[in-house]
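Below, chain A is the first sequence line, B the second, and so on; all start at residue 1. Heavy atoms only: backbone and side chains are in, while hydrogens, waters and symmetry mates are out.
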Protein chains: 2
Amino acid sequence: MKIDPDSAVDLSAQIAKAIRDAIIAGDLIVDQRLPSESELADHFDVSRPTVREALKRLAAQSLIRTQRGASGGAFVNRLRFEDAYAQQVTTSTLLLSMNAVSFDVACEARYALERACAPLSAQRRTPDQLATMRAEIHRQGQPGLTDEAFCASDVTFHRALVDGAGNKVLSYQLAGAVEAMQPLMNMITFTARSREEIVALHTDIADAVEAQDAPTVDATLIKLEAYTRLLAHSVVKSRENRAAEKEHKTA
Amino acid sequence: MKIDPDSAVDLSAQIAKAIRDAIIAGDLIVDQRLPSESELADHFDVSRPTVREALKRLAAQSLIRTQRGASGGAFVNRLRFEDAYAQQVTTSTLLLSMNAVSFDVACEARYALERACAPLSAQRRTPDQLATMRAEIHRQGQPGLTDEAFCASDVTFHRALVDGAGNKVLSYQLAGAVEAMQPLMNMITFTARSREEIVALHTDIADAVEAQDAPTVDATLIKLEAYTRLLAHSVVKSRENRAAEKEHKTA
DNA sequence: GCCAGATTAAATGTCAGACAATAAAATGTA
DNA sequence: TACATTTTATTGTCTGACATTTAATCTGGC
């Protein structure tokens, strides 16, 4: 592991990269202890604060964990699904909010991915996941629910559907797509009528999953996607109308 | 933005979280300049190195960028698809290598996701993407290609298929799944016969995509998944046999 | 010999102050 | 005005120190 002190790149970034590469290459294995900060500083011929900045970079990616005290130090972290999952949700959320991704594009991606695991869910769903779906449907039918709570319940429902596929890798990959949509969904105001419609579609999905009827799950997801996009468009349209009216008044 | 100096959590972690939350909440917008390190140190009542550690954490997640010199400082970064993409590949790769994810589970996830965007690809593929697919197929047919180069070409081929869907969000989400598989695929040794088979299937896929024949793309991907898993199993089996023989000899 | 408590040592966490490097802005000059 | 120079604000890095935490070790009494 070596770095170039003359490079324009930060030393701490170079050191972080060197260690990260060593982890990816398998030279450092899970739970192995890194040399102490002082030793690393000597090795790379930099000061301790510089080494610390590098270690913090790695800690931010959950690649290492640190422990204080004697026999403490930095250890290669076993990257857990939950950690990776949390990071992915954050990244996906920011990606959507910062890049002018249209609702349609995000929605298309989300439902395409969800439909990918629908057949597996129909095949493998557990009673537990079915119960979650039913519970969320019930919640969504409650009057007086805020739009935000409705969206949150929607996410939980879809998470259950995704987890039903019983494939951790799939769940992880889809987590970002489903959860990152929530802020966008929160922009929609749901009328009693539209909630009713969504609950009906959710019920159809839950029924089909319970009956292990994959084609119906798929078809209903297509309907749900179409309806969601319809709702979003009407929201955009009514906003434009309001803006136009305002324009008219001031003119 | 406040922190708790008595908390057991690192101050730098707390500061990073406070700033990260501000970005996610939209209190800090893209390209906005953060206060200087000294000002942040004053604000949080900590030293500059502590602030710097916090900023490095955020930099590791591509949430901020820094610039030296007068009117320099830390700026909220517009998270680009390429940055997010690179991070996701790293995370996914480590996740698979550290968590004893079976080849079958990873493979199932990958092909489920890929099939999710196959219909869109068949509909929207550009001449450019078709050309990439053809070029990679040609490369895969070349004798003397190392197994690693074959796998790399395989990844490029599938990336082209995914990108064909013309949905950046979808491409981003699938990047991890496809690329993270590469190290696992590299464990397979491809015989001339199996390469021939794969090239044939790839050709079928390219043909079907060109003909905008979504069902055939889907069917061929299913075949390819089955064949890939068959190959992986035979590799595992032959290894077990070798191990058993060795056992027998020493016994 | 064994256990409880005190001590020690090693490591990370934090601080203070300094200097170097950089790049933009302000200033001076032809 | 155009260009060179100086100033200044900011990040990058270093040194050295102290605080805090925790495991290992030592010590004394039973």
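An OP1 or OP2 oxygen of D:dC14 is reached within less than 4.0 angstrom by a side-chain nitrogen or oxygen of A:T50. Taking side-chain N and O atoms only, B:S71 has no distance below 4.0 Å to OP1 or OP2 of C:dA23. Under 4.0 angstrom from either OP1 or OP2 of D:dT11 there lies no side-chain N or O belonging to B:R52. The side chain of B:T66 places an N or O atom within less than 4.0 Å of a non-bridging phosphate oxygen (OP1 or OP2) of D:dG12. Residue B:R33 has a polar side-chain atom (N or O) positioned under 4.0 Å from OP1 or OP2 of D:dT10.
Separating the CG atom of A:L40 from the P atom of C:dT12 is a distance of 8 Å, rounded to the nearest angstrom. Rounding to whole angstrom units, CG of residue B:L34 and C1' of D:dT10 are separated by 13 Å. Rounded to an integer number of Å, the gap from A:E53 CD to C:dT12 P is 16 Å. Summarising the geometry, the separation between CZ on B:R65 and C1' on D:dT10 is reported as 15 Å, rounded to the nearest angstrom. Atom P of nucleotide C:dG13 and atom CG of B:D6 are separated by 17 Å, given to the nearest angstrom. The CD atom of B:E37 sits 18 Å away from the P atom of C:dA18 (whole-angstrom rounding). When the P atom of D:dT15 is taken as reference, atom CG of A:D42 falls 10 Å away, rounded to whole Å. In this structure, the CG atom of B:L11 is 11 Å from the C1' atom of C:dC15, given to the nearest Å.
Minimum interatomic distance between A:R57 and B:A60 (heavy atoms only, all atoms of both residues): O-CB, 3.5 Å.
Nearer the 5' end of DNA chain D, as judged by each residue's closest nucleotide, is the contact made by A:D45, out of A:D45 and A:G69. Remark on DNA chain D: of its neighbouring residues A:P49 and A:D10, the 5'-side contact belongs to A:D10, judged by nearest-heavy-atom nucleotide.
Looking at the side chain of A:S12, the nearest of the listed nucleotides D:dG12, D:dT11, D:dT13 is D:dT13. Each of D:dT13, D:dA9, C:dT12 was ranked by its minimum atom distance to the side chain of A:R68; first place goes to C:dT12. The listed nucleotides are D:dT8, C:dA16, C:dG13; the one nearest the side chain of B:A70 is D:dT8. Comparing D:dT11, C:dG13, C:dA16 by their closest approach to the side chain of B:S47 singles out C:dA16.
In this structure, CG on B:L95 lies 5.0 Å from CG on A:L79, to the nearest 0.5 angstrom.
Counting only heavy atoms from C-beta outward, the side chains of B:V178 and B:V155 approach each other to under 4.5 Å.
Applying the salt bridge (charged side-chain N to carboxylate O under 4.0 Å, His left out) test between A:D154 and each of A:R159, A:R110, A:R139 identifies A:R110 as the sole match.
Residue B:R48 places a side-chain atom within donor-acceptor reach of the base of D:dG12, judged by atom type and a 3.5 Å distance cut-off alone.
Between the side chains of B:S47 and B:T50, a donor-acceptor pair is found at a separation under 3.5 Å.
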